[in-house]
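Written below as structure tokens is the structure these notes are about.
Chain A is the first sequence line, chain B the second, and so forth, proteins listed ahead of strands; every chain is numbered from 1.
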Number of protein chains: 2
Amino acid sequence: MATIKDIAKAAGVSIATVSRVINDLGGYSEVTYQKVKAVSKELNYTKNSLARSLVRKRSQTIGVIMPTVPTSFSNPIIDGIEEVAEQLNFDVIISHTGSASKYILQKIIRMNEFKVDGLIIISSQLSQVETAYLEKNDIKTILVSTMVPDSDLPYIKVDDYSAMYAITNYLISIGHRRIGLAGPNLQDKVAGQPRFAGYKKALIDAGIKFQDEWIQTGVFDFTSGRKAVRNYLKDAIDISCICCVSDECALGAISEAAANNIIIPKELSITGYDGTSLAKMVSPTLTTIKQPFFQMGIQSCSELIACINDGKVMKSQLLNFSLELGQTTKEKRG
Amino acid sequence: MATIKDIAKAAGVSIATVSRVINDLGGYSEVTYQKVKAVSKELNYTKNSLARSLVRKRSQTIGVIMPTVPTSFSNPIIDGIEEVAEQLNFDVIISHTGSASKYILQKIIRMNEFKVDGLIIISSQLSQVETAYLEKNDIKTILVSTMVPDSDLPYIKVDDYSAMYAITNYLISIGHRRIGLAGPNLQDKVAGQPRFAGYKKALIDAGIKFQDEWIQTGVFDFTSGRKAVRNYLKDAIDISCICCVSDECALGAISEAAANNIIIPKELSITGYDGTSLAKMVSPTLTTIKQPFFQMGIQSCSELIACINDGKVMKSQLLNFSLELGQTTKEKRG
DNA sequence: GTGAAAGCGCTAACAG
DNA sequence: CTGTTAGCGCTTTCAC
């Protein structure tokens, strides 16, 4: 592990000069440049980011914290982040919070100790403890696909209320009147409550009287979808379609329906939410809300780096979603 | 951003003492301990890993490099890695190589500059350039779900040959005689060739004459599965089942079959390979080879840390796979 | 028990 | 154009 000191000695120059050519700072003769380059190649020099970051008080690194979920919807977000980071000369390091986002505070602390210049937190629910830590330590942070109510942490997401309104409304538009809602966590102010509200509003606007029994709460996952259908069946609740709060949840609903020989979409329509790559990979393909994940990565990273580099204040953004029609929905006549 | 210097001053002790209590090294009075603790809390001290790693020449961090794929089979691997890292007091930082594993060398270099103590590379094909870099820079590395032929880089994986033999043999055991193989990249020595070989050997052992037209090569992904089925249909190739080289590929095959109104498994059996969480989430559920991903994470990280801490030589391991029966296969009579 | 001091590898003035 | 020097925040002898 050669250091600039070794190179300086071998090349017969000072370490300052070595540093200059290594960082392409200019201010040296062509001869010196060539010599230093040659020597550092010969000695197999690799720079030490730790030392550099330490003195620079800048790591040129942004940290990403993401949850562990089966449907890797975070991947396109990461791709987006990487794309702009790369371009703007930043590194990105990623950390998983585990399935239950249990270790989120711990991961935030680690990122802070690594002295990342900024943090992107994907789709995790932050509690008081975490936001307090972020604030107290003055960590530049932007949230993706999540937000914290009553805080001014900037976020990039879609409007859950509108998205759920849109897809519910679509079901209504193709003739459905008895519409289930599967999977929402009603304790969750960020995703659960607004999605429920959007769903409900669409019913009301269509003059449909909302029934409590149409709601099967859950935690957005596969199991929530399965349970929902099981309960509808058990209680013989009469619905012609189910709005699920995630693609994964929709897969669960489909799975339970299949286990009961219910044919989709002929006997039951089902919708997802997320528009992960999965939605188009399953058969039948999912009708779902497509979130612009890649774009979310782009935006969040751009905002963050603008803040880091130029001190710009990050602005929250609501991105456009789109309705992706698949084969799990069918019009209802009569 | 308080430093130990600040704490030292505020507590009226030396920085050496602060360092001692912060690291629980002992050798101080209870009074000093309490005082330093109190002051550092008050000043909201957070340690600077960069500085610490720099002087220690040890980052207590292991780097993980993984590809970006739609079916997040890497997640359970990461979970396994995190579990043992956590326990053994190591941090882990992750980096994605992008879909085509295009940036793998770049990522390896970055990890090296970050001075990680060791590296776990998941499921990526390493070329001469990368292995040379790893060797030259003496980076402790272990591979997961991949390997490099003719090198002594240690790896943790399953035996692709045996696994493919097993699943092909299963199809034979339930009566199939005309068996397609979809998705293998035959240029790929690590996964493509052995899987093909295992498939072929199972046929031979059963006295089935292998037909060239049964093979539809590809690149392990969804599209490869779709194309395979399209080709079988176009050329009217008579098979009763298809062995796919990945779950994702199987999804593609199913998708194309569905588009042609072929009923699975009644008219066509299909198998996957990987046993991702997806396999059980789709309907019908996939018959597939289940790789012990979590265990792979555990083993690789254990080996690596044993090497880092105790200089143990890492040993390659072939882990057991299992056959996971789903609903995409059906026995063939007559 | 505690402190002084010497760096880890590097950058960034400041001189020349 | 190039070198000297003073640190970045921390750990770690070695004295006291």
Within residues 7-32 of chain A, the residues having a heavy atom closer than 4.0 Å to DNA chain C are A:I15, A:A16, A:S19, A:R20, A:N23
*According to a strict under-4.0 Å criterion, is B:K5 in side-chain N/O contact with OP1 or OP2 of D:dC8?*
yes
Notebook entry, point to check: Aromatic rings B:Y33 and B:Y28: how do their planes relate, parallel, tilted or perpendicular, breaks at 30° and 60°?
Noted result: parallel
Residue pairs passing the salt bridge (Lys or Arg N to Asp or Glu O under 4.0 Å) test with at least one member in residues 62-78 of chain A, sequence neighbours excluded, are none
Hey, is B:K35 close enough to B:E30 for a salt bridge, meaning N to O under 4.0 Å? no
When rounded to whole Å, the CD1 to P distance for the pair A:I4 and C:dA12 reads 11 Å
Q. Are side-chain N/O atoms of B:S127 and B:E130 paired as donor and acceptor at under 3.5 Å?
A. yes
Establish, from distance only, whether the side-chain atoms of B:Q87 and B:E83 form a donor-acceptor pair under 3.5 Å.
no
Atom CG of B:L50 and atom C1' of D:dC8 are separated, to the nearest Å, by 10 Å
* Asked: Do the side-chain N or O atoms of B:K57 get closer than 4.0 angstrom to the phosphate oxygens (OP1, OP2) of C:dG9?
  -> yes
In numerical order, the residues of residues 33-49 of chain B whose heavy atoms come under 4.0 Å of DNA chain C are none
Between side-chain atoms of residues 134-145 of chain B and protein atoms elsewhere (two or more places apart, or another chain), which donor-acceptor pairs fall under 3.5 Å?
from   : atom 1 : to     : atom 2 : distance (Å)
B:N137 : OD1    : A:N44  : ND2    : 3.3
B:N137 : ND2    : B:Y133 : O      : 2.9
B:T141 : OG1    : B:I139 : O      : 2.9

Residues passing the side-chain hydrogen bond (donor to acceptor under 3.5 Å, both in side chains) test with A:Q187, sequence neighbours excluded, are none
Tell me whether the side-chain N/O atoms of B:R56 come closer than 4.0 Å to OP1 or OP2 in D:dT11. no
Atom CZ of A:R52 and atom C1' of D:dC8 are separated, to the nearest Å, by 14 Å
Between CG of B:L54 and C1' of C:dG9 the distance, given in whole Å, is 6 Å
Rounded to whole Å, CZ of A:R58 lies from P of D:dG9 at a distance of 16 Å
Contacts of A:E303 meeting salt bridge (Lys or Arg N to Asp or Glu O under 4.0 Å) (sequence neighbours excluded), chain-then-number -> none
